[in-house]
Amino acid sequence: MPIPSDSLPLPPDPHSYAGTGPARVRHLSLALVVDFATRTLAGAATWHLAQPGAAETLVLDARDLAIDAVALGPAAAGPALAFDLGPADDVLGQALRIALPPGAAAVTVRYRTAPGAAALQWLAPGQTAGTEPFLFTQSQAILARTWLPCQDSPGIRFTYDATVQVPPHLLALMSAENPQRLEPSGTYRFRMAQPIPAYLMALAVGDLAFAPLSPRTGIYAEPATLPMATYEFADLEKMVAAAEQLYGPYRWERYDLLVLPPSFPFGGMENPRLTFVTPTILAGDRSLTSLVAHELAHSWSGNLVTNATWNDFWLNEGFTVYFERRIMEQLYGRPYADMLQVLGRAALAHTIAEIGTASPDTHLRLHLAGRDPDDGLTEIAYEKGCALLLALEARVGRPRLDAFIKEYFARFSFRAMDTDAFLSYLRAELLAATPGLEAELQLAGWVDGPGLPASAVPVASARFAAVDGALARFAAGAAPGGLAPATAGWSSHEWVHFLNALPPALGAAGLAALDEAFRFTASGNAEILAAWFPHALRAGYGAADAALEKFLHRVGRRKFILPLYRALLATPGGPARARRIYAAARPNYHAVATSTLDPLLAGAA
Ligand code: BES
Ligand code: ZN
């Protein structure tokens, strides 16, 4: 299947200085030295232009980068080119403007990153499972520019090759063709042959080992974590096969996972060929693998067909959540996938209540110009986006929706898509055939309206109905121990539903009885802990304090720690305690997490 080299006209991206003009990059040759002592990356980025001679200026995004020199051509030794850095914006960084002589086909930027570069987390050995330091990047949404001068707009794609020099004994990995074992010289070469946007640029360096799962899938993890990870993700090949069966061929050749240290700020990140995942999904019972299905699904929705700007984020995440649950249904059945839908719908209701229906941030189409995209990228894109696809599915039927989605991925592979272009395509390919369908669906209300439109279809779970039965018996006075037979065989999802539905005012004695029966405080399951601790905090159930503190020190996943700090702040004496814990734990958090938590905890008295 050919990869298109042309591109559709793009809407302007309010979060990049690169602009929509003719000065576009097409290929990157990157040479980097990773220095753990100074916590810097230093090297050269050679950008090959899509249309040599088409423009007089090349504009790249840069944030907190030291630009040492710019040269004409593919080598740092080429003739020097004039450049300037525009004023620094806290969120967007700076425009790096490079004067292009007539016919220029490539430029080479020599640069260094700052020790505090927001995309990078430099971990000391004590923050890993082993005895070596660790580095990883997180580029989405607009942080690639803090470690690479680039056109940091999701609508602009490029292929790349890279040479990365790391200390001996450490393995380097990228969102590219990857090594499977240590290179004694410490020099690694990478190639990404499919064009990707800058937010999918990724690098990780650490004491990492590889274990194959199938000819095209495998796991990278710290040696101490690898056995557990290979057990947890044993169904990875089945997931890829199910995804292909649903929506067409996997276009990236290999699919590997990298299990990061627990400070990784997200659950997962869909870096092409190498999904990054948090170790907090290593539950020991394979019960949290829908997150892997999610990141895998991005290999189509997001990495093949890419949101043109962050205002179109729902095109990435909404399709991915729908696709994720189809993969899970294929592997584990409808009752399993229904649990995920119900949890997702509950999270959506929670988010809408939190943001407020009056806020345009509950629309699928966002308006993020002038803001940090990180502030506006919420659960809405994920769950309201998925709910729209479920509403469509209910009306046109799965066979037609599946054919539509498959064709959409095939037709727009390696291209950017914005909300208007998607709506036109949807109307032409699916809605036009059924008069009245668009109105019945209330399409405009989904895209540019608040909350959840009335055309949304309800979701229900038979497995959760059983949990609700146990909850009702508990509310009627049954002892927790008496519920035990009913709870045997519950997955993480049932437990999370149980904990979320517990009466909020059980009191410390009530929680102690539950804890005695079900050992929540001692759970090794991060989802269960994250649902349990807020109860403990509200009730002043001190027996969970030590476990909560340990969790906040070890885990940097924002989805968990942000609500826990909020719950902590709401307790008597909580602000002082929250600030004390945060002061000690903060060095273990990535900038993505501290940038959200700093303002929250700065005000804590
Ligand atoms: N691409 C996202 C992560 C992301 C989004 C990073 C926006 C930066 C800005 C990834 O695919 C994702 O959605 N991760 C979720 C897990 C998923 C199962 C909902 C997460 O990290 O919690
Ligand atoms: Zn996602």
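By convention here, the first residue in the shown sequence is residue 1. Atoms within each ligand, like the ligands themselves, are counted from 1 in listed order. Every value quoted in this text rests on a predicted model; they were computed, and no experiment measured them.
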Thr362 and Thr357: side-chain donor and acceptor closer than 3.5 Å?
-> no

Hey, what's the ring geometry for His590 with Phe136, parallel, tilted or perpendicular (30° and 60° as the breaks)?
-> parallel

Please work out which of the three classes, parallel, tilted or perpendicular, describes the rings of Phe409 and Phe323, given edges at 30° and 60°.
-> parallel

For ligand 1, list every N/O pair with the protein closer than 3.5 Å, one pair per line with the distance.
unit_1: ligand 1; atom_1: 1 (N); unit_2: Gln140; atom_2: OE1; d: 2.7
unit_1: ligand 1; atom_1: 1 (N); unit_2: Glu270; atom_2: OE1; d: 2.6
unit_1: ligand 1; atom_1: 1 (N); unit_2: Glu270; atom_2: OE2; d: 3.1
unit_1: ligand 1; atom_1: 1 (N); unit_2: Glu317; atom_2: OE2; d: 3.1
unit_1: ligand 1; atom_1: 11 (O); unit_2: Glu270; atom_2: OE1; d: 3.0
unit_1: ligand 1; atom_1: 11 (O); unit_2: His294; atom_2: NE2; d: 3.2
unit_1: ligand 1; atom_1: 11 (O); unit_2: Glu295; atom_2: OE1; d: 2.7
unit_1: ligand 1; atom_1: 11 (O); unit_2: Glu295; atom_2: OE2; d: 3.2
unit_1: ligand 1; atom_1: 11 (O); unit_2: His298; atom_2: NE2; d: 2.9
unit_1: ligand 1; atom_1: 13 (O); unit_2: His294; atom_2: NE2; d: 3.2
unit_1: ligand 1; atom_1: 13 (O); unit_2: Glu317; atom_2: OE1; d: 3.4
unit_1: ligand 1; atom_1: 13 (O); unit_2: Tyr382; atom_2: OH; d: 2.7
unit_1: ligand 1; atom_1: 14 (N); unit_2: Gly268; atom_2: O; d: 3.3
unit_1: ligand 1; atom_1: 14 (N); unit_2: Glu295; atom_2: OE2; d: 3.3
unit_1: ligand 1; atom_1: 21 (O); unit_2: Gly267; atom_2: N; d: 2.6
unit_1: ligand 1; atom_1: 21 (O); unit_2: Gly268; atom_2: N; d: 3.3

Is the shortest side-chain N to carboxylate O distance from Arg371 to Asp361 below 4.0 Å?
->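 Salt bridge flag = yes for Asp361 with Arg371.
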
Check ion pair Arg286-Glu232 (N to O, under 4.0 angstrom) |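 Salt bridge: no.
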
Mind reading off the angle at the Zn ion (ligand 2) between the OE1 atom of Glu317 and the NE2 atom of His298, rounded to 10°?
->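 With the Zn ion (ligand 2) as the vertex, OE1 (Glu317) and NE2 (His298) sit 100° apart.
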
Which pairs, with at least one residue in residues 260-271 and sequence neighbours excluded, count as a side chain to side chain donor-acceptor pair (under 3.5 Å)?
->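 Sorted result for residues 260-271: Gln121-Ser263.
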
